[in-house]
Amino acid sequence: MEQLRFIHTADLHLGSPFLGMAGLSKDAQDKLKNSTFAAFDRLIAYTLETKPDFVLIAGDIYDGEDRSLRAQHRFQQGMEQLARAGIPVVLSYGNHDHLSGKWARFELPENVYSFGPEVSTYSLPTPKGTVQISGFSYGERHVKRAMIGQYPASDGEGYHIGMLHGSMDGESSHAVYAPFTKMQLISKNYDYWALGHIHLRQVLNEQPPIVYPGNIQGRHRNEQGVKGFYDVTLSKQSTALQFISTSAVHFGAVEVACSGFAHMNELLDVVTERLMTFTQEYSSAAVDVTIVPEDEAAMELLGQTDTASLLETLRETSEAIEPWVWINRLTIAGGTGSEMPAIGEKLMEGMNTWELSDWKAVVNELYRHPKAARFLDPLDDAAANEVLAETEEYLRRFLLERG
Ligand SMILES: [Mn+2]
C-alpha cells in the first residue's frame, strides 16, 4: 500500500490572551498576543509549501469557548487557503472549544470535515485510497467519561487513524478528560493515533504510533521550549515523524551562577549575556531567571539587594536585546532566609493540586460582585498560575517576617 503523508497538529489555542505580563513593552505585548496566530500562519505556510495528503487537528483550535471573532476569522482564512490548494482537513473540537459554547458561527470551506459529539468514522478519499478516520468533538466542556469504548476496531484493510482529545489514565498535569489507556488504543488495531489535549509533545507508543504533538505556541511559564507539530509519513510497516517548529515566542528558564565578582554592574552584565545567548537560540522569549550566588562575595552582594528593584533594573538592561526577551520572574537561589517555612510548603502543596474549577470556586464571589467583576479578566490557567506564584512569594515574605 502506498505511504501516506499528513500533518498532525492539536491545541492551537488561537486567541490565547496571555494575561499577567504587566510591564511588558507595547511591542513585545503585541508580539505575544499575536504569537498563536503567527504559529498558525507557519503551520499553514508549511502545509501549502509541502502539500501533504491531509491535515489532522485534534482539538482545542480556539482558546475560549466563546471562540473570538478574530480567531475564527483567522482560522477560516487558513482553511480557505488549504481549500484552494486542494488539501483536506479533518478536525475535532476539544474541551476549550466544545460545541456548547456561544459563538457567532463562521462557515468553514468544504475541504474541512469536523466531527460531531459522538464517535463516528469519516471516510476520507485520498489519491492513495480511502483513509478511515474515527473521532469525536466535545459536546460540552467536561467530557470526563471514557470515550474510547465507542471507537470501532479496524479490520486492518486500508489505513485507519484515530483522533482523540483526552488524557491517558494516570496523567494529571492537565484536567482529566476522555481518559484512555495505551492498551485500549492499541487494541483498536489502528495505524496511527492522533492525540490532543496534553501540551507537552510526546510519543506514547512507537508502533502503532500514539502521539501528542503538543501545542503550537507556549502560553505560559509552564509550557517551555520550542513548540510545533508533526509531519507524519505513514506506511503499514513504519512511521517517520518529523517535528516542525512554529512557536514565535518561547518560554524558558535560565540559571545564572555568580562568583568571582563583587559589583552589581558585573552581575547585570552576566545576566544580560545569558539572556542574549538564550534569545539567539530560541528567538523572542519570556524567561524565569534564577541567580545562584556561588561564593561569599556574591552572597553578600545579593543579600543587600531587594529582588523587586533588581528585577526592574534587569528588565531595563535587557530592553536592548534583540530579539526581545522579557524576564517573567526573578529568583535568587539560596538567599539568606529565602527558604519557605514548612507550613508554607504544606499550603503550597495543597494549592498546587487545584484545577481551574477549584480556582473558580474560590474566587466565585469576587467574580459575581457587580462592581468588581467589570475589572477582572477571565480566569484561565495562565492567570491561575500567576496568582499561584504571587501567593507563594507573598506567603514566603509573610511567614519569614513573622518569624
Ligand atoms: Mn489544549
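Atoms within a ligand are numbered from 1 in the order they appear, just like the ligands themselves.
Taking the six-membered ring wherever Trp is involved, the centroid distance between the rings of Trp193 and Tyr151 falls below 6.0 Å.
When Arg329, Arg221, Gln224 are each tested for a side chain to side chain donor-acceptor pair (under 3.5 Å) with Asp288, only one passes: Arg221. Residue Phe54 forms a side-chain contact (heavy atoms from CB on, under 4.5 Å) with just one option from Thr47, Val131, Val89, and that option is Val131.
In this structure a side-chain-to-backbone donor-acceptor pair under 3.5 Å is missing from Ser284 to Val249.
If you check the side chains of Tyr62 and His96, you find no donor sitting under 3.5 Å from an acceptor.
Checked for salt-bridge contact, Lys31 and Asp27 miss the test: no charged N lies under 4.0 Å from a carboxylate O.
Listed by chain and number, Asp11 OD1, His13 NE2, Asp60 OD2, His199 NE2 are the protein N/O/S atoms closer than 2.8 Å to the Mn ion (ligand 1), with waters left out.
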